[in-house]
Protein chains: 2
Amino acid sequence: MKNKNLSGYDELFRQLEEKTALTEDEKARIPQFFESKNLEKKQYLLRQGDYCKNLAFVAKGALKSYTLDDKGQEHISLLAWEGWWVSDFKSFIAEEKAILAIDAIEDSEVLLISRSNYEALLEEIPSMERYFRILYQNSLVTKDRRLISSNTYTAEEKYLHLLKMYPFISQRIPQNLIASYLGLTPETISRIKKNLVE
Amino acid sequence: MKNKNLSGYDELFRQLEEKTALTEDEKARIPQFFESKNLEKKQYLLRQGDYCKNLAFVAKGALKSYTLDDKGQEHISLLAWEGWWVSDFKSFIAEEKAILAIDAIEDSEVLLISRSNYEALLEEIPSMERYFRILYQNSLVTKDRRLISSNTYTAEEKYLHLLKMYPFISQRIPQNLIASYLGLTPETISRIKKNLVE
DNA sequence: GCTGTGCATTGATCTGAATCAAGAAAAAAG
DNA sequence: CTTTTTTCTTGATTCAGATCAATGCACAGC
């Protein structure tokens, strides 16, 4: 086995074992499918229009995935910190050009898995097939809730719903990114906060 | 083997085999996990607040899943026709009360699988674990696109994007349901269509 | 064939959140 | 500690799409 820095894998195993059981043998084989990468704050992992070669597991730090509209405005589709996966899935799976860009918003460590390694991993370690099925099942629920929130709630309700789901988020993520994630402007968030205090 | 009406299972197998290979033996065992149910137009499959006991595969017809807000307004979260799965996932998986309701919008046939059968199926037939992993993976991509659409696009862009994804949808689904699905009002859709003609 | 109920159109008006514009505050960099 | 950059706040104005209201249309039931 190649000598690997295992620091980030602790977080990965913690995540995997939350959803599925792994033998010691499996745990020993898993790191080989991944490659670790450090990103500084503001460094990018993926650019719009490139091919998304990897699925990334966030071992440390935080990243944002976003689209840019014709006016150059950023629309965040995901905020991912320790324990989350991030990529332009469509691009990763179907080998199309990415419509998402991904940047680090803190100094971060990610574990990258290529498409061929992803498929090999699923093939060789059935618990991983199970892990991803459960992960995606849960993500679907979360995305569904976000869609409902986006179509049904007022700006204030959207913000409160987010705080309820991720109470620590306002300590960690700047308001302008939260605004973009919710499809609102920073000004609106600011006014909502003011209103809530009163 | 119990004598089952197999009509709806053709559609199910077609879907399964699009994503994974099945042996004849597996195909023979699968129907046993399901139960077929016919719904008339407007009949409900799930009510808000009930426990969602089943995951439903639409073999024929079309259904909508939706939430009701405090004003009694309906917000459609999914339109599902032949080949789609529908349920309140969160309720189905975590055994919580459903926040979604599901109604037939055409006379329909659904194949229902209970939670325990779902888990047994995944356990006993590994290709099904694979099938659902791929299904959820794809659904995530679609939901992501919808979220981007919802946060980024104008009303007109949302409508055009939907038509592009499902060109036949306006022949099949009434405008007021399409409006609700997009988080718009029927009036807005009507004005958009008028505008597009000019 | 009428009649009712649900769906679609069109117009007038309203409103929540965006945009535009300045500063203030906080954090990072030197 | 000072300067620069980034984030946050507050106010004035605008605008896309909602709401309200009325009418037209189509098809299902009698």
Side-chain angles (χ1 to χ4, degrees), chain A residues 40-43 61-62 64 66-76 79 103-108 149-163 169-198, chain B residues 40-44 62 64 66-76 79 103-107 148-163 169-198:
Chain A
E40 282 178 22
K41 184 172 173 172
K42 294 197 176 172
Q43 212 184 327
K64 62 179 176 184
Y66 59 97
T67 51
L68 291 171
D69 65 24
D70 7 311
K71 280 164 207 136
Q73 263 237 297
E74 187 176 303
H75 299 267
I76 293 180
L79 290 165
D103 296 355
I105 57 179
E106 295 174 7
D107 293 346
S108 303
S149 161
S150 172
N151 283 338
T152 313
Y153 296 174
T154 62
E156 183 171 313
E157 288 166 338
K158 286 177 196 176
Y159 182 65
L160 290 175
H161 180 244
L162 183 70
L163 287 189
I169 202 169
S170 58
Q171 268 80 270
R172 182 152 186 191
I173 311 285
Q175 227 91 83
N176 58 338
L177 299 187
I178 291 179
S180 171
Y181 178 81
L182 291 175
L184 302 171
T185 58
E187 292 95 326
T188 297
I189 299 284
S190 182
R191 284 185 252 266
I192 287 167
K193 287 200 330 186
K194 192 182 164 195
N195 241 322
L196 288 173
V197 173
E198 285 162 14
Chain B
E40 282 178 24
K41 185 173 171 170
K42 294 195 176 173
Q43 212 183 327
Y44 75 88
K64 61 178 177 187
Y66 59 96
T67 51
L68 292 171
D69 65 25
D70 7 310
K71 280 164 205 135
Q73 262 238 297
E74 188 176 302
H75 299 268
I76 293 180
L79 291 166
D103 296 356
I105 56 179
E106 297 174 5
D107 293 346
I148 291 172
S149 161
S150 172
N151 283 337
T152 312
Y153 295 174
T154 61
E156 183 172 312
E157 287 167 339
K158 286 177 196 176
Y159 182 66
L160 290 175
H161 180 242
L162 183 71
L163 287 190
I169 202 171
S170 60
Q171 269 79 271
R172 183 152 186 191
I173 312 285
Q175 227 89 84
N176 58 341
L177 299 188
I178 290 178
S180 171
Y181 177 81
L182 291 175
L184 302 171
T185 58
E187 291 95 327
T188 297
I189 298 284
S190 183
R191 283 185 252 265
I192 287 168
K193 288 201 328 187
K194 194 184 164 196
N195 241 323
L196 289 173
V197 173
E198 285 162 14

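Reminder, nothing fancy here: chain letters follow the sequence lines and each chain counts from 1. Scope of the values below: all heavy atoms of this structure, side chains included, with no hydrogens, waters or symmetry mates.
- Whole-Å rounding puts the Gln175(B) CD to dC27(D) P distance at 14 Å.
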| How far apart are the C-alpha atoms of Asp103(A) and Tyr66(A), what are their side-chain angles, what is the distance that settles it, and do they pass the side chain to side chain donor-acceptor pair (under 3.5 Å) test? | CA-CA 9 Å; Asp103(A) 296 355; Tyr66(A) 59 97; 2.8 Å; yes
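- Distance check: Arg191(A) CZ to Leu184(A) CG gives 12.0 Å after rounding to the nearest 0.5 Å.
- In this structure, a donor-acceptor pair under 3.5 Å is absent between the side chains of Asp69(B) and Tyr153(A).
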| task | Could you check Lys64(A) against Leu177(A) for side chain to side chain contact (heavy atoms under 4.5 Å, CB included), going step by step and ending with a plain yes or no? | result | CA-CA 9 Å; Lys64(A) 62 179 176 184; Leu177(A) 299 187; 4.2 Å; yes
| task | List the steps, then state whether side chain to side chain contact (heavy atoms under 4.5 Å, CB included) holds for Thr154(B) with Glu157(B). | result | CA-CA 5 Å; Thr154(B) 61; Glu157(B) 287 167 339; 3.4 Å; yes
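- Protein atom NZ of Lys194(B) is 5 Å distant from nucleotide atom P of dT10(C), rounded to whole Å.
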Check nucleotides 19-22 of chain D for protein N or O atoms closer than 3.5 Å to its own N or O atoms and list the pairs.
{"residue": "dT19(D)", "atom": "O4", "partner": "Arg191(B)", "partner atom": "NH2", "Å": "2.9"}
{"residue": "dC20(D)", "atom": "N4", "partner": "Glu187(B)", "partner atom": "OE2", "Å": "3.1"}

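- For dA8(C), the OP1/OP2 oxygens have a side-chain nitrogen or oxygen of Asn176(B) closer than 4.0 Å.
- The CD1 atom of Ile189(B) sits 14 Å away from the C1' atom of dC7(C) (whole-angstrom rounding).
- The CG atom of Asn195(B) sits 12 Å away from the C1' atom of dA16(D) (whole-angstrom rounding).
- At the heavy-atom level, Lys42(A) lies under 4.0 Å from the strands shown only through sugar-phosphate atoms.
- In this structure, the CD atom of Gln171(B) is 13 Å from the P atom of dA8(C), given to the nearest Å.
- Lys193(A) has a side-chain polar atom (N or O) that falls below the 4.0 Å cut-off from OP1 or OP2 of dT9(D).
- Closest approach of Pro186(B) to Ala179(B), counting heavy atoms only: N-CB, 3.6 Å.
- Put simply, CD on Glu156(A) is 18 Å from P on dT15(C), counting in whole angstrom units.
- Ser180(B) OG to Leu79(B) CG: the interatomic distance, rounded to the nearest 0.5 Å, is 8.0 Å.
- Rounded to a whole Å, the NZ atom of Lys158(B) is 11 Å from the C1' atom of dA16(D).
- End-to-end axis angle for the helix from dG1(C)-dC30(D) to dG30(C)-dC1(D), using five pairs per end and rounding to 10°, comes out at 50°.
- Within the 4.0 angstrom heavy-atom criterion, only backbone atoms of the sugar-phosphate kind lie near Leu184(B); the bases stay farther away.
- Separating the CG atom of Asn151(A) from the C1' atom of dA18(D) is a distance of 14 Å, rounded to the nearest angstrom.
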Please enumerate all protein N or O atoms sitting under 3.5 Å from an N or O of nucleotides 24-30 of chain C, with distances to 0.1 Å.
none

| request: Verify side chain to side chain contact (heavy atoms under 4.5 Å, CB included) between Glu156(B) and Leu196(B), making sure each step is shown before the conclusion. | output: CA-CA 9 Å; Glu156(B) 183 172 312; Leu196(B) 289 173; 3.7 Å; yes
